[in-house]
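Since the model is a prediction, treat every value here as computed from it, not as a measurement.
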Amino acid sequence: NLSTKLQKTLRDLRGEGRISERHIEASMREIRMALLESDVHFTVVKDFVSRVKEKALGQEVLGDLMPGQQVIKVVRDELTNLLGKETIDLKMSKVPPSVILLVGLQGSGKTTSTGKLAMWLRNQKHQPVLVSTDVYRPAAIEQLSIVAGEIDIPVYREDGRDPVQLATQALQHARDMGFDVLLVDTAGRLHIDMELMEELERITSAVNPTETLLVADAMTGQDAVNSAREFNQRLDLSGVILTKMDGDTRGGAALSIKAVSGRPIKFIGVGEKYDALEVFHPERMANRILG
Amino acid sequence: GTADSPITESQLEDLENILIGADIGVETSLAILERVREETRGRKVLSGAQVRRMIRDQIGVILQASQEVDPGTRSTTRPRVVFVVGVNGVGKTTTVGKLAHLFKQEGEEVLVCAADTFRAAAAEQLAIWAERTGADIVQQGAGADPSAVLFDAMAAARARKKDVLVVDTAGRLHTKTHLMEEVQKMQRIAAREVEGAPHEVYWVLDATTGQNGLNQAREFFKTIGITGVVVAKLDGTAKGGIVIAIARELKIPIRYVGIGEQAEDLIPFSAEAFVDSLDL
Ligand SMILES: Nc1nc2c(ncn2[C@@H]2O[C@H](COP(=O)(O)OP(=O)(O)OP(=O)(O)O)[C@@H](O)[C@H]2O)c(=O)[nH]1
Ligand SMILES: Nc1nc2c(ncn2[C@@H]2O[C@H](COP(=O)(O)OP(=O)(O)OP(=O)(O)O)[C@@H](O)[C@H]2O)c(=O)[nH]1
Ligand SMILES: [Mg+2]
Ligand SMILES: [Mg+2]
């Protein structure tokens, strides 16, 4: 792994006083390789490596730490900082109900995450209600209704085929019935589908969400920057849920998404069941990305 | 400079970024560029256009090698049994629907099996695809044993004299041993019920997947065997370059490419078209 590679690259440094340019170049190559293998986008890697290089260069070789350990500490700390130093709560509106909008590419885990977030909110003593605005995917609305049934959380369902109208009616229903959070599940879409991205903008204008969460698959590769950038520019995301973290993907998409959007990763999905949602821990993610 | 002025180190870096940006992966990208550097050593200086051509050719060779492993002639056994497998959310159920449409158009009688008994509304989703494509469907209630549904579907396919049975399976992470064993059990059942079944095991890859795609392919290949890859969601901006690493290592042919969410959005894989799409 990167830690052992850096130890090897820098083991002859012990006799010297400072981490020199020559040693840094070799280390930076190892770090770049490790991050690319973890799926961090190559432009994000370039920026990251230059920041780390700046921090590591000229550092005195500390007496108690091996030089390799010292550099890996700089890398780990920098990565943790970039991923978000603190865990961030869900923002609620002053006047209920709050609206949370879940968006993202096809198959990323939005519908499942809607259920997970609803359970989470109920455990935090909220009264959530769900609505699906996915009028495209076969049995999507049925899927969310079944999810709601499985976790015993109310779902608003109406015969309409207009996503904006469905969301608007659900919000009114939430107000009338005294729910304090409305979770809006949306259809998966490509960030390059102009019509569907505009639809999201219209849903946003209609229901004014306090949270617009990008639901992204942790195994996404270099494309993560493209979708994250576009969703963020269009909708002004408030946060990210990174799903399928129970697999063995290194999850470099986390850094790519954070770097390009600046939005905090709030949760990770760690399984298919509705209790499989965890708060995001940047230092754990940093270790995972570093392999 | 122009396309025929000698390639510079900076241009080589740009090419490396295009390869990496396409999810081809560091190891494969470096191997490709190393071959380029070998060719240029002691030879005349190469232009940017020549190097790009060299890279495209190398990728083409890798892809062709895995395509030639198996020309993909269809089994003539009735029913032909096709399993569709892969991790969560990649596009399996939609691909089953598209395959049903494709086979129907080719004049076949199609039966689909809703063997995903776990995920909410999985059978309902497939039922809509069956209706859309004129295929029959065998499904049971939620929570049923997938092997039991498969067994029923195999019997129905034989009884109704279907040409092909396409089996939709639940999404499963390759790291979940018990879920991989579930598909192995389904394979044994299929083999007992119809000679040579499953005749095809199509593994679906989401084109947005990065290096983890190689881990997935390795595990599915080792545990279940894969006769063909389907790359879904290539209508997005992702290039799906991990298939090159997969082809290089596992030599599995890529059969189809998914380019949208409708029944007709499945086309045969073309190595040439794929290489062109990399914009090298
Ligand atoms: N292992 C695992 N599977 C997950 C996780 N989150 C979602 N899934 C699975 O991923 C698949 C897709 O989930 P959905 O919730 O249907 O995804 P979606 O984004 O709503 O899909 P579209 O609406 O078609 O865009 C399902 O099989 C889910 O069970 C997770 O954290 N871990
Ligand atoms: N744009 C695009 N979307 C696709 C393609 N193939 C599938 N999808 C979409 O991806 C999402 C997931 O597709 P599914 O067929 O449900 O995926 P799955 O692998 O069966 O998912 P699970 O059964 O939950 O594991 C749906 O929204 C599909 O419409 C494709 O080629 N292009
Ligand atoms: Mg959904
Ligand atoms: Mg499915």
Side-chain angles (χ1 to χ4, degrees), chain A residues 32-43 45-46 105-112 115 136-150 187-188 190-193 216-227 230 243-244 246-253 256 271-272, chain B residues 16-27 29-30 87-94 97 118-132 142 170-176 179 206-213 215-216 219 232-233 235-242 260-261:
Chain A
R32 176 173 178 268
M33 290 276 287
L35 293 178
L36 288 175
E37 282 166 357
S38 284
D39 288 325
V40 181
H41 193 269
F42 68 85
T43 55
V45 172
K46 188 156 191 263
L105 295 177
Q106 290 92 343
S108 65
K110 298 173 294 299
T111 303
T112 309
Y136 309 101
R137 170 176 158 149
I141 302 199
E142 181 62 17
Q143 183 185 357
L144 188 67
S145 295
I146 293 175
V147 170
E150 286 183 18
L190 296 178
H191 53 288
I192 52 172
D193 186 327
D217 196 320
M219 57 178 157
T220 311
Q222 299 283 303
D223 195 53
V225 293
N226 299 327
S227 43
E230 191 62 25
T243 62
K244 308 177 202 172
D246 43 319
D248 60 355
T249 182
R250 297 253 292 258
S256 300
E272 294 194 71
Chain B
E16 186 185 309
N17 287 337
I18 292 181
L19 295 175
I20 292 187
D23 285 316
I24 289 176
V26 190
E27 199 200 307
S29 301
L30 291 182
V87 304
N88 306 74
V90 296
K92 299 176 294 300
T93 307
T94 307
F118 172 75
R119 209 211 65 219
E124 287 85 336
Q125 183 187 5
L126 188 65
I128 291 172
W129 277 107
E131 198 189 339
R132 275 184 190 174
R172 66 202 68 230
L173 293 183
H174 53 292
T175 46
K176 304 202 170 167
L179 294 182
D206 182 327
T208 64
T209 303
Q211 299 310 296
N212 194 249
N215 294 28
Q216 293 171 29
E219 193 57 33
K233 308 178 194 171
D235 46 319
T237 51
K239 301 291 188 185
I242 193 64
E261 302 184 72

Closest non-hydrogen atom pair, [X] against [Y]:
| X | Y | value |
| --- | --- | --- |
| B:Ala121 | A:Ala139 | CB-O, 3.8 Å |
| A:Leu36 | B:Gln211 | O-CG, 4.4 Å |
| B:Ala120 | A:Val147 | CB-CG2, 4.1 Å |
| A:Asp39 | B:Asn212 | OD2-N, 4.1 Å |
| A:Phe42 | B:Gly21 | CE2-CA, 3.8 Å |

Heavy-atom distance under 4.5 Å to chain A: side chain of [X], backbone, both or neither?
| X | value |
| --- | --- |
| B:Lys176 | side chain |
| B:Glu16 | side chain |
| B:Asp23 | both |

Chain B contact via [X] - which portion, at a heavy-atom distance below 4.5 Å:
| X | result |
| --- | --- |
| A:Leu105 | side chain |
| A:Asp193 | neither |
| A:Arg32 | side chain |
| A:Ile192 | side chain |
| A:Asp248 | both |

How long is the gap from [atom1] on [X] to [atom2] on [Y], to the nearest 0.5 Å?
| X | Y | atom1 | atom2 | value |
| --- | --- | --- | --- | --- |
| B:Lys233 | A:Gln106 | NZ | CD | 6.5 Å |
| A:His41 | B:Ile20 | NE2 | CD1 | 10.0 Å |
| B:Ile18 | A:Gln222 | CD1 | CD | 12.5 Å |

Look at [options] and state which one has the largest set of heavy-atom pairs under 4.5 Å with chain B.
| options | answer |
| --- | --- |
| A:Gly107, A:Gly252, A:Pro138 | A:Pro138 |
| A:Lys244, A:Met219, A:Glu37 | A:Met219 |
| A:Asp217, A:Asn226, A:Val225, A:Asp246 | A:Asp246 |

Picking from [options], which has the most non-hydrogen pairs under 4.5 angstrom with chain A?
| options | result |
| --- | --- |
| B:Thr237, B:Asp206, B:Thr93 | B:Thr237 |
| B:Asn17, B:Thr209, B:Val87 | B:Asn17 |
| B:Leu173, B:Asn88, B:Leu30, B:Thr175 | B:Asn88 |
| B:Gln216, B:Arg119, B:Glu27, B:Glu124 | B:Arg119 |

Option passing side-chain contact (heavy atoms from CB on, under 4.5 Å) with B:Gln125 (candidates A:Glu142, A:Arg137, A:Gln143): A:Arg137

CD (B:Glu131) with more than 12 external heavy atoms under 6.0 Å: no

